[in-house]
Amino acid sequence: MAYPGPPKHEIVLVRTPDERQQCYNVRIAVFHVEQKFPLDTEIDDMDDKATHFLLRLTPSLTPIGTIRTYKVPGAEYYKLGRLAVLKDYRQFRFGRALVLALHDWVNEHALQEGMDGPVEIVAHSQIPGDEFDEEGDPHQKMVLRMPLRPSSANA
């Protein structure tokens, strides 16, 4: 039996307070309600500085996923974080789509900043390995050294 493809969707760069609140709502549903992390740790000081992406169904614009990134102050790498997809939609590999959209954005941002690559993207994942505690749950540090590609804006 063939499985249906993913529902129609879009990934947008968050531009408005309402879109950012939709990202928060997805994160709270996944990290607080489903995974039982404390609510008071979900929104942090980096949210105002971060670039957020929102995954939503089309044409309804129902939010179903999010991810954020920011360039770490005083460091030469980007932090990937707060990747969340509502449980009913994880089967469609939307987490991968969000990460790839973030990679594309980091590539463009790094080029605009005059970086010549490769650029590092650091993430903390809830997978087994050399673990450390983050918010009461074991995590593992992952680093991608991503070569920069020519800007898609010049294509």
Side-chain angles (χ1 to χ4, degrees), residues 5-15 19-20 22-32 34-38 41-58 63-155:
K8 292 184 182 193
H9 62 281
E10 65 182 5
I11 298 173
V12 296
L13 195 61
V14 168
R15 302 267 185 221
E19 289 173 338
R20 187 181 308 177
Q22 292 175 46
C23 292
Y24 294 159
N25 293 346
V26 169
R27 287 166 37 185
I28 289 167
V30 171
F31 297 127
H32 177 64
E34 180 186 339
Q35 297 181 2
K36 308 297 184 216
F37 285 96
T41 63
E42 187 45 44
I43 311 302
D44 64 20
D45 294 343
M46 295 314 299
D47 276 310
D48 287 336
K49 300 171 183 79
T51 298
H52 300 262
F53 299 81
L54 179 62
L55 167 67
R56 55 192 183 186
L57 300 177
T58 57
I64 61 167
T66 188
I67 194 170
R68 76 174 188 189
T69 190
Y70 55 89
K71 192 157 184 224
V72 175
E76 289 297 317
Y77 66 89
Y78 293 83
K79 177 77 191 303
L80 176 159
R82 301 303 203 266
L83 170 60
V85 175
L86 297 179
K87 191 173 189 175
D88 290 344
Y89 297 96
R90 292 183 196 146
Q91 64 185 312
F92 300 112
R93 299 178 53 106
F94 284 138
R96 175 177 166 69
L98 283 162
V99 168
L100 292 175
L102 182 143
H103 287 178
D104 288 343
W105 182 89
V106 165
N107 186 83
E108 294 299 317
H109 187 264
L111 290 171
Q112 290 171 6
E113 295 285 310
M115 299 174 76
D116 57 7
V119 63
E120 288 190 354
I121 302 173
V122 175
H124 298 163
S125 177
Q126 297 174 11
I127 60 174
D130 293 331
E131 298 177 354
F132 60 91
D133 181 82
E134 183 172 26
E135 306 298 343
D137 203 37
H139 283 70
Q140 180 180 14
K141 181 178 180 180
M142 300 183 306
V143 178
L144 170 66
R145 287 175 186 82
M146 184 178 76
L148 294 178
R149 356 175 252 292
S151 174
S152 61
N154 297 334

Discussion item. Under the rule for salt bridge (Lys or Arg N to Asp or Glu O under 4.0 Å), what residues qualify as partners of Asp45, not counting sequence neighbours?
Written reply: none

Item to complete: Evaluate the side-chain proximity of Arg82 to Ile43: yes if any heavy-atom separation is below 4.5 Å, no if none is.
Response: no

Worksheet entry | Smallest separation among heavy atoms of Ala50 and Arg68, with atom names | CB-CD, 3.9 Å

Item to complete: Grab the two heavy atoms, one from Pro6 and one from Phe92, that are nearest each other, plus how far apart they are.
Response: CA-CD2, 3.4 Å

Fill in: Interatomic distance, Trp105 atom CH2 to Thr51 atom OG1 [nearest 0.5 angstrom]
3.5 Å

Practice prompt. Specify whether Tyr24 and His52 have parallel, tilted or perpendicular ring planes, treating 30° as the upper limit for parallel and 60° as the lower limit for perpendicular.
Written response: perpendicular

Worksheet entry | Qualifying residues under side chain to side chain donor-acceptor pair (under 3.5 Å), relative to Asn107, sequence neighbours excluded | none

Worksheet item: Which distance, rounded to the nearest 0.5 Å, do you find between the CG of Leu57 and the NZ of Lys8?
Response: 12.0 Å

Worksheet item: Mind checking whether Tyr89 and Leu55 have side chains closer than 4.5 Å, heavy atoms only?
Response: no

Fill in: pair Phe53-Thr69: side-chain heavy atoms closer than 4.5 Å
yes

Worksheet item: Which ring-ring contact (aromatic ring centres under 6.0 Å, His included) pairs, counting each pair once, include a residue from residues 63-83, with sequence neighbours left out?
Response: Tyr78-His109

Worksheet item: Under 3.5 Å, is there a donor-acceptor pair between the side chain of Arg90 and the main chain of Val85?
Response: yes

Discussion item. I'd like to check the salt bridge (Lys or Arg N to Asp or Glu O under 4.0 Å) partners of Arg93; sequence neighbours left out, ordered by chain and number.
Written reply: none

Response to the item:
What one should report as the nearest heavy-atom pair of Gly65 and Leu98 is C-CD1, 4.1 Å

Item to complete: Drop me the distance from Arg96's CZ to His103's NE2, to the nearest 0.5 angstrom.
Response: 9.5 Å

Discussion item. Please check: side-chain N/O of Asp44 versus main-chain N/O of Asp47, any donor-acceptor pairing under 3.5 Å?
Written reply: yes

Worksheet item: Is Ile64 close to Val26 at the side-chain level, that is, under 4.5 Å between some pair of heavy atoms?
Response: no

Worksheet item: Sequence neighbours excluded, which residues qualify as side chain to side chain donor-acceptor pair (under 3.5 Å) partners of Asp88?
Response: none

Practice prompt. Work out which heavy atom in Thr66 is nearest to a heavy atom in Cys23; give both atom names and the distance.
Written response: OG1-SG, 3.1 Å

Worksheet, complete the sentence: Nearest heavy-atom approach of Pro63 to Leu54 is CB-CD1, 3.8 Å

Practice prompt. Check for a donor-acceptor pair, side chain of Arg20 on one end and backbone N or O of Val14 on the other, with a separation under 3.5 Å.
Written response: no

Discussion item. As an exercise, state the distance from CD1 of Ile121 to CG of Leu102, rounded to the nearest 0.5 Å.
Written reply: 6.0 Å

Worksheet item: Can you name the residues that form a ring pair (Phe, Tyr, Trp, His ring centres under 6.0 Å) with His32, not counting sequence neighbours?
Response: none

Discussion item. side-chain contact (heavy atoms from CB on, under 4.5 Å) for Lys79 and Lys71? Distances and angles first, verdict last.
Written reply: CA-CA 6 Å; Lys79 177 77 191 303; Lys71 192 157 184 224; over 6 Å; no

Discussion item. Nearest 0.5 Å, please: how far is CD in Glu42 from CG in Asn25?
Written reply: 11.0 Å

Worksheet item: Heavy atoms, side chains only, cut-off 4.5 Å: are Val99 and Ile67 in contact?
Response: yes

Discussion item. Please find the pair of heavy atoms, one from Leu86 and one from Ala29, that lie closest to each other, and give the distance.
Written reply: CD2-CB, 3.9 Å

Worksheet, complete the sentence: CD (Glu108) and CZ (Arg149) are apart, to the nearest 0.5 Å, by 7.5 Å

